[in-house]
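Heads up, the thing below is written out as structure tokens.
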Amino acid sequence: MAEPNIESILNEKRLFAPSPEFAQQSRFKSSEDYEALYQQAAADPAAFWAELAEKELHWFKKWDTVLDWQPPFAKWFVGGKTNISYNCLDRHLTTWRRNKAALIWEGESGESRTLTYAQLHREVCQIANVLKNLGVKKGDRVGIYMPMVPEAAIAMLACARIGAPHTVIFGGFSAEALKDRLLDAEAKVVITADGGFRKDKVVPLKPAVDQALANNGVPSVENVLVVQRTKEDVLMEPGRDHWWHERQAEASADCPAEEMDSEDMLFILYTSGTTGKPKGVVHTTGGYNLYTHITFQWTFDIKDTDVYWCTADVGWITGHSYIVYGPLSNGATSLMYEGVPRPSNPGCFWDVVQKYGVNIFYTAPTAIRAFIKMGEELPNARDLSSLRLLGTVGEPINPEAWMWYHRVIGGGRCPIVDTWWQTETGGFMITPLPGAISTKPGSATRPFPGILADVVDLEGNPVADNEGGYLVVKHPWPSMMRTVYGNDERYRRTYWEHIPPKDGQYVYFAGDGARRDEDGYFWVMGRVDDVINVSGHRLGTMEIESALVSHPAVAEAAVVGRKDDLKGEDVFAFVTLEGNCKPSDELKEELKRHVVKEIGAIARPGEIRFADALPKTRSGKIIRRFLRNLASGEEVAGDASTMEDQSVLEKLREGA
Ligand code: WT7
């Protein structure tokens, strides 16, 4: 386990109070409001959540037990019956929101579409019926491999409506990665598109699905539903492949939402961990619905007049919780944008803000650093005065980027919510309530009410203020992951056993280093395990190593993160070659391409260094700490005497 490094942000002392105008109109207006709420929730978390669940969601049948906690397995609202698609759609139809914009979609090349709640409901019902007609039953898993088009959200809601857990696979993943995930989930149907548009290019998606399914590669898949987006020629296998628009046209728009058990699985989302195989994070219905609903409402202090825009892709948890489920459950207007800043249109984000009068903008630090590089002229040339609140997620934000975001994008008037959370947590865990909590650049501030977060050492003892430690959560919360799909043991080992339970009290280990300052503010310092964060994308170093060693030229590979000004971290791979293979620049390029093929472009190594041998302990474990030092060009820190062969380090340095 790596030690958290706290030096970089120990000296950040700036404090930004919400303006009186902002505080005055928000749900929680002062730090006293927050403290009172926090104390009330902490005193009896189950009662706190039960009250909210009753008030905020529709239940076909109320639960019998709020929380059944048999560590590390939690069940929330046990016995309750609900449906998240009902909560996101049907219940708004009997109100004035019926004709309010639910989704605003802006395509990369300027086309756009708005779906009101009534329209979205109709399409979701149709696609739910299409899935039923394809034989999908409650409990069957459906893979979704889509570009950023409204059909991605429609597909998710249609699955939720009939109780078929979805597993969305980011459209940037390769055919190989897609196949692994479809196999693990044993998906029955795959929903995809012919392709997508990205940076003025066509990304083929259906061909990747064909490749994943070739030679009965995923035996569970019976049907493929294909959205026509790019109109490129694609192969349609008779009997297996169906056009979305043709099927939709024949489908009835009448599809009542299935009454789901609160603990029925809503979705599986794969994320990288410390071993080679990605884990299927399982989320269930009631608790996830409540938690994403209330965190969205309070953290973004959402108003019915707001246009809210989260720039994430629906393939990640941020897209699930804060483009689709959280916003729609609240009856909010959620903007979906297909494009990304690109040389042909570097100011496109600000065009979108101006065009729709976006009020709340939520993005990642890596994007902010890219904006800084592109210059202030781009945002300054647009009218961004509609913005009232900004958010960030995905990695620690460096104070310089925070200040720029605040000044240039927020015009100095918008609070910034720095939201710390994970695929596993389902929703925001540490974040300001923007009218109540003063912010500090680089700090996610205080835990959300009901979240008992702490910073501890490896024995589970709380560390002193401003000392580095491990971020943990000491009480279950409604949207916590329930297990790793098909692997309860891995769930237990990964999250609940790094810090041994004390007196029967289990603590959730997040895998992040953190410190808490004298004001109770949390500063998250990044991963302490073998997970790296490249442009806000989470990658397992072992996953990339397995990809590398699957190439015939590679004998052994060790991957570490190297600090990168733009991406946060970059992939740095040390590789030893099979006996008769010679190092060359061509081989480096080939290996990079190989990783892209095995995983996807997000995992492409920034640098590969060939080595004769890797530094290992006497028992044969690779010493990654040294490799991290070498990758960033630092002196190798710490004791090298445990190393088997001292000359290895010398050679690695020379290889630079
Ligand atoms: C990891 C989770 C949750 C949505 C996006 C990523 C890092 C996330 C922050 C933040 C510092 C952050 C952590 C965490 N992270 N948000 N505001 N400040 N670090 O989800 O792919 O599951 O990754 O992202 O290291 O453990 P994810």
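Remember, predicted model here, so these are calculated numbers, not experimental data. In each ligand, atom 1 is the first atom listed, and ligand 1 is the first ligand listed.
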For [X], atoms of ligand 1 separated by under 4.0 Å from a heavy atom:
X	value
Thr318	4 (C), 5 (C)
Asn533	7 (C), 24 (O)
Thr419	9 (C), 10 (C), 16 (N), 17 (N)
Val524	11 (C), 19 (N)

Can you confirm if the aromatic rings of Phe428 and Trp298 lie within a centre distance of less than 6.0 Å?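 They do not qualify: ring centres at least 6.0 Å apart.
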
Measure from the ring center of Trp477 to the ring center of Tyr508 and say whether it is less than 6.0 Å.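 Under 6.0 Å, so yes.
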
Ligand 1 contact on [X] by region, counting heavy-atom pairs under 4.0 Å:
X	result
Gln422	both
Ala444	neither
Thr425	neither
Asp512	side chain

Measure the distances from the heavy atoms of Gly511 to every atom of ligand 1 and state whether one is below 4.0 angstrom.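 No heavy atom of Gly511 comes that close to ligand 1.
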
Atom 23 (O) of ligand 1: the protein heavy-atom neighbour that sits closest, reported with distance to 0.1 Å: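 Answer for atom 23 (O) of ligand 1: Arg538 CD, 3.5 Å.
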
